[in-house]
Amino acid sequence: MIGVGKIKQYGNVLDKPLTKGKQEVSLSAFAFLFSELVQYNQTQVDNIGELERRLEDAGYAVGARVLELLCHRDKGNRRETRLLGILSFVHSTVWKVLFGKVADSLEKGTEHEDEYMISEKELLVNKFISIPKDMGTFNCGAFVAGIVRGVLDGAGFPAVVTAHFVPMEGQQRPRTTILIKFAEEVLRREARLG
């Protein structure tokens with residue numbers, strides 16, 4: 001009966017195990033914090049493009065940390081080395097951890113070899129946002145684009161990642177598409193790996 005009823009003490013926070021318990025944040029808390037992030041950044045910029053860039057930068061930091069956590073927790077510190085592997089990882093694993101479900105679709109661009117798209121009918125960051133008419137095409141999906149860019153850069157797949165609204169027939173709100181345009185070096189490496 002050694003150790004029964006004793007609580008294990010950890011001298012360092014890094015020694016604690018990373019459990020996979022239910023670690024969800026309430027939707028209202030996330031919506032409030034994200035709204036504050038948008039409002040704060042809105043006071044710091046002069047135009048919509050700069051606001052989206054700042055949201056993307058904030059998302060990039062989140063993406064880098066999410067990659068580290070998931071690689072350590074789920075993959076035993078291994079990372080994806082192939083293009084389709086990392087895209088599948090972002091589309092399924094990362095999306096499920098962040099948004100509670102797999103993304104609606106992952107598609108390869110038809111016009112360019114280096115473009116891929118992750119589409120979501122109702123992206124969480126755009127769900128509770130009402131955009132004033134003077135802000136026109138502002139898309140809070142830039143934050144998620146930043147997360148995706150942070151994950152890809154951290155994994156060694158540099159890319160330009162942008163968020164776009166795509167109108168859908170019969171739907172009041174457009175879907176959000178995260179467009180991923182990989183750097184030339186990624187395509188060359190993929191071709192070498194065969």
Side-chain angles (χ1 to χ4, degrees), residues 13-14 16 18-74 89-106 117-155 157-168 171-181:
V13 72
L14 298 175
K16 290 182 180 179
L18 291 171
T19 60
K20 278 187 151 184
K22 195 169 189 173
Q23 299 176 356
E24 293 180 2
V25 175
S26 77
L27 187 56
S28 59
F30 171 78
F32 174 73
L33 287 173
F34 187 72
S35 170
E36 290 298 313
L37 174 70
V38 172
Q39 289 177 33
Y40 171 76
N41 282 306
Q42 192 174 1
T43 64
Q44 306 295 313
V45 299
D46 296 325
N47 60 42
I48 294 168
E50 183 68 16
L51 178 57
E52 287 180 343
R53 189 196 59 75
R54 287 181 71 121
L55 287 177
E56 184 182 342
D57 290 345
Y60 184 91
V62 172
R65 287 170 177 82
V66 165
L67 174 69
E68 291 297 322
L69 177 68
L70 292 177
C71 284
H72 181 73
R73 180 188 289 166
D74 297 341
F89 176 71
V90 169
H91 169 262
S92 58
T93 306
V94 171
W95 222 262
K96 190 176 270 185
V97 165
L98 293 176
F99 304 115
K101 67 180 196 78
V102 174
D104 290 340
S105 69
L106 170 64
M117 295 165 279
I118 298 175
S119 296
E120 188 71 37
K121 282 184 188 169
E122 204 165 320
L123 191 62
L124 184 65
V125 296
N126 287 331
K127 192 172 190 175
F128 304 108
I129 299 291
S130 58
I131 301 169
K133 294 200 184 303
D134 64 325
M135 294 186 74
T137 61
F138 173 63
N139 189 341
C140 287
F143 181 73
V144 177
I147 292 173
V148 171
R149 188 170 65 89
V151 169
L152 293 174
D153 275 0
F157 293 85
V160 174
V161 184
T162 53
H164 305 276
F165 284 127
V166 177
M168 291 174 35
Q171 299 290 327
Q172 183 180 1
R173 296 178 65 119
R175 74 177 179 190
T176 303
T177 297
I178 307 296
L179 179 64
I180 305 165
K181 186 171 178 64

Please determine whether side-chain contact (heavy atoms from CB on, under 4.5 Å) holds for the pair Val90 and Phe157, giving the CA-CA distance in whole Å, both sets of side-chain angles, and the decisive distance to 0.1 Å. CA-CA 12 Å; Val90 169; Phe157 293 85; over 6 Å; no
Closer than 4.0 angstrom, basic N to acidic O: yes or no for Lys101 and Glu120?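 Result for this pair is yes, salt bridge flagged.
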Test item: Asn126 side-chain N/O and Cys140 main-chain N/O as donor-acceptor pair under 3.5 Å: yes
More than 12 heavy atoms of other residues, nucleotides or ligands under 6.0 Å from CG of Asp46: yes or no? no
Lys96 atom NZ, neighbour heavy-atom count above 12 within 6.0 Å: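 Open.
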Full working for salt bridge (charged side-chain N to carboxylate O under 4.0 Å, His left out) between Arg53 and Glu50: CA-CA 5 Å; Arg53 189 196 59 75; Glu50 183 68 16; 2.7 Å; yes
Sequence neighbours left out, what pairs pass side chain to side chain donor-acceptor pair (under 3.5 Å) with at least one residue falling in residues 144-154?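 Checked against side chain to side chain donor-acceptor pair (under 3.5 Å) - neighbours excluded - the pairs reaching residues 144-154 are Glu56-Arg149, Tyr60-Asp153.
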Shortest non-hydrogen contact between [X] and [Y], atoms and distance:
| X | Y | value |
| --- | --- | --- |
| Ser119 | Thr177 | OG-OG1, 3.3 Å |
| Gly154 | Leu67 | C-CD2, 3.3 Å |
| Ile178 | Gly141 | CD1-O, 4.0 Å |
| Glu52 | Asn139 | OE2-N, 2.8 Å |

To the nearest 0.5 angstrom, please state how far the [atom1] atom of [X] sits from the [atom2] atom of [Y].
| X | Y | atom1 | atom2 | value |
| --- | --- | --- | --- | --- |
| Ile147 | Leu152 | CD1 | CG | 12.0 Å |
| Lys121 | Leu123 | NZ | CG | 14.0 Å |
| His91 | Asp104 | NE2 | CG | 7.5 Å |

Minimum side-chain heavy-atom gap Phe138-Leu55 below 4.5 Å: yes
What side-chain donor-acceptor pairs closer than 3.5 Å can you find for residues 27-39, not counting sequence neighbours?
residue : atom : partner : partner atom : Å
Ser35   : OG   : Gln39   : NE2          : 2.9

Check against side-chain contact (heavy atoms from CB on, under 4.5 Å), Trp95 and Val144: CA-CA 10 Å; Trp95 222 262; Val144 177; 3.6 Å; yes
Show the atom names and distances, to 0.1 Å, of all donor-acceptor pairs under 3.5 Å that link a side chain in residues 158-165 to residues at least two apart or in another chain.
residue : atom : partner : partner atom : Å
Thr162  : OG1  : His164  : NE2          : 2.7

